[in-house]
Amino acid sequence: VKITRPKFVRTIEALSKALSNQLGKRRYVLLTDDTVGEVCLPLLSEFLGANSPLDIIEVEAGEACKAPEVCVQLWSHLLQLGITKSDVLVCLGGGSVTDLGGFVAATYKRGIPVVFIPTTVLAMTDASIGGKNGIDFEGVKNAVGTIIQPESVLVYTGFADTLSEEQYLSGFAEIVKHGIIGGNPLWKDLEKYINKRRALDERLLRKSVDVKLIIVTKDPFENGDRRILNVGHSIGHAIESAFLKNGQSVEHGIAVAMGILVELKLSLRLKRISEKDAFSIARVLQDWFGHVLPSFPDWSQIEPFLIHDKKTNSKKILLPLPISIGHVEIVDFGRWALLKDVYNQFVG
Ligand SMILES: NC(=O)c1ccc[n+]([C@@H]2O[C@H](COP(=O)([O-])OP(=O)(O)OC[C@H]3O[C@@H](n4cnc5c(N)ncnc54)[C@H](O)[C@@H]3O)[C@@H](O)[C@H]2O)c1
């Protein structure tokens, strides 16, 4: 499998050109959400000229669009438009839009080409890369989906300028995750760059993307190595779900940062990581995200969601844990009680 490597462009004009080149003479439908449709799409539309989409479909912004009902509406809309394999679905948006659009494109007519134009830091560094897509089902995140490569990913970092502080930092949590997995040179940058909102640095983003590309290339269908990319996610997803259940919300990446902090503690308890590296990772997380971390839910609120998590296996209890800076390993830590104890001590 050839993993799609994103193309970086410096201006909206260059983005529009790159899109035209990619599409050639093919027709396309543009999928976006109602916020991105208002904030980013007008910038791009200005340059599209004669190369405008056959239709623009806007879904509700955020995780809510990753739903079976929305897929049904989209499949039906594409049928009505007479879209075939010779056409393209272009997804402009964050990870929710690329996950939804990637899945709809993979399943409609057994697969039509899809192009991603990520507009959040999270989607630029993570969600648009590697081919995983999917929707939520019966309260379980990403319960239904496929792994299939987009035809192209076009990254214009300027879209990140309009993100809220929480959304911006949410994406940086995945960059910090890549820094823990890949180590230097990305880690050094993250230690230096700490917690200043500024224009998204393309070089930093490229280093982060490279970490993901290396891992996904080794394991395109997530049979082994790729699971280390889930560091922070098992606990992070459970925290996210607990918030949702209480009618609150937390940005995906912020929940991942919370998950990494807990997993760091677990790794320390298991004596798998040195105090020096654990301290250094905790400091970077604290410096970047300390001011936006909500309080941790009680164990009783996250436990039911941990059992649902597909990345944990009922006999062995496997979690990717940070072992050192530049090394994450899937560890069987044996007992739920241990995780519960570490969690309660940490939260307390
Ligand atoms: N497929 C993968 O490998 C993968 C990896 C990581 C995360 N994900 C998924 O990605 C999703 C989270 O992605 P996300 O954080 O990008 O969420 P999102 O797409 O829901 O975007 C968050 C919010 O930001 C708004 N937004 C997007 N771009 C904007 C811009 N440029 N300016 C202002 N507002 C903007 C959106 O409208 C939305 O309200 C989750 O569903 C997660 O499961 C997938």
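Both counts, for ligands and for their atoms, begin at 1 and track the order of listing.
Ranking protein heavy atoms by distance to atom 12 (C) of ligand 1, first place goes to Leu122 CD2, 3.7 Å. The shortest contact between atom 35 (C) of ligand 1 and any protein heavy atom is with Leu163 CD2, 3.6 Å. Distance from atom 21 (O) of ligand 1 to its nearest protein heavy atom, with residue and atom name: Thr120 CG2, 3.9 Å. In terms of protein heavy-atom proximity, atom 9 (C) of ligand 1 is nearest to Asp99 OD2, 3.4 Å. Ranking protein heavy atoms by distance to atom 26 (N) of ligand 1, first place goes to Val36 CG2, 3.9 Å. At the shortest separation from atom 23 (C) of ligand 1 among protein heavy atoms lies Gln167 NE2, 3.2 Å. The closest protein non-hydrogen atom to atom 38 (C) of ligand 1 is Gly62 N, 4.0 Å. The closest protein non-hydrogen atom to atom 17 (O) of ligand 1 is Ser96 OG, 3.8 Å.
Near Gly94, with a cut-off below 4.0 Å to any heavy atom, the atoms of ligand 1 are 16 (O), 19 (O). In the vicinity of Lys66, heavy-atom distances shorter than 4.0 Å reach the ligand 1 atoms 40 (C), 41 (O), 42 (C), 43 (O). The Lys141 neighbourhood of ligand 1 comprises atoms 40 (C), 41 (O), 42 (C), 43 (O), with distances under 4.0 Å to a heavy atom of that residue. Less than 4.0 angstrom separates some heavy atom of Asp126 from each of these atoms of ligand 1: 5 (C), 6 (C). Residue Ala61 approaches ligand 1 through these ligand atoms, each under 4.0 Å from one of its heavy atoms: 37 (O), 39 (O). Per-residue contacts place Asn142 under 4.0 angstrom from the following atoms of ligand 1 (heavy atoms of the residue considered): 43 (O). Interface atoms of ligand 1 facing Phe159, defined by a heavy-atom separation under 4.0 Å, are 30 (C), 31 (N).
A salt bridge is defined here as a Lys NZ or Arg NE, NH1 or NH2 lying under 4.0 Å from an Asp or Glu carboxylate O, and Asp341 with Arg269 meets this definition. Between Lys207 and Asp210, no side-chain nitrogen of the basic residue sits less than 4.0 Å from a carboxylate oxygen of the acidic one, so the salt-bridge criterion is not met. Classification of Arg26 and Asp87 as a salt-bridged pair fails, no side-chain N sitting under 4.0 Å from a carboxylate O.
The neighbour count for Gln248 CD, taken as heavy atoms of other residues, nucleotides or ligands under 6.0 Å away, is above 12. Lys85 NZ: more than 12 foreign heavy atoms inside a 6.0 Å radius.
For the pair Cys40 and ligand 1, a heavy-atom separation below 4.0 Å is found.
Between Phe346 and Phe296, the ring-plane angle classifies as perpendicular under the 30° and 60° cut-offs. By the 30° and 60° cut-offs, the orientation of the rings of Phe172 relative to Tyr168 is tilted.
Not less than 6.0 angstrom separates the ring centroid of Trp75 from the ring centroid of Tyr108.
When non-hydrogen atoms are compared, ligand 1 lies under 4.0 Å from the backbone of Thr162 as well as from its side chain. Residue contacts with ligand 1 for Asp33 involve side-chain atoms from C-beta outward but no N, CA, C or O (heavy atoms, distance under 4.0 Å). Using a 4.0 Å cut-off between heavy atoms, Ala160 makes no contact with ligand 1 at all. Counting heavy atoms closer than 4.0 Å to ligand 1, residue Lys212 contributes side-chain atoms (C-beta onward) but none from N, CA, C or O.
Checked by distance only, ligand 1 and Gly95 come closer than 3.5 Å through their nitrogen or oxygen atoms. Between Asn133 and ligand 1, no pair of N/O atoms sits closer than 3.5 Å. Between Glu251 and ligand 1, no pair of N/O atoms sits closer than 3.5 Å. For a threshold of 3.5 Å applied to N or O pairs, the pair formed by His252 and ligand 1 contains no separation below that value.
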> Between Val88 and Val114, does a side-chain contact (heavy atoms from CB on, under 4.5 Å) hold up when you go through it step by step?
Replying inline: CA-CA 6 Å; Val88 185; Val114 66; 5.8 Å; no

>> Working note: Ile135 + Cys71, criterion side-chain contact (heavy atoms from CB on, under 4.5 Å); need CA distance, chi angles, decisive distance, verdict.
In response: CA-CA 9 Å; Ile135 55 167; Cys71 293; 3.8 Å; yes

> Does the pair Ser128 and Thr98 meet the rule for a side chain to side chain donor-acceptor pair (under 3.5 Å), with working shown?
Replying inline: CA-CA 6 Å; Ser128 69; Thr98 57; over 6 Å; no

>> Between Asn142 and Lys132, does the side chain to side chain donor-acceptor pair (under 3.5 Å) criterion hold? Intermediate values first, please.
In response: CA-CA 10 Å; Asn142 302 327; Lys132 279 213 270 185; over 6 Å; no

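For atom 41 (O) of ligand 1, the choice among Glu222, Met124, Glu63 with the nearest heavy atom turns out to be Glu63. In this comparison of Ile135, Thr119, Val216, Ile129, the heavy atom closest to atom 28 (N) of ligand 1 sits on Thr119.
The heavy-atom pair separating Leu264 from Ala282 by the smallest distance is CD2-N, 3.7 Å.
Looking at heavy atoms from C-beta onward, Leu44 lies in side-chain contact with Leu15 at the 4.5 angstrom threshold.
Of the candidates Leu319, Leu339, Ile180, Glu263 forms a side-chain contact (heavy atoms from CB on, under 4.5 Å) with just one, namely Leu319.
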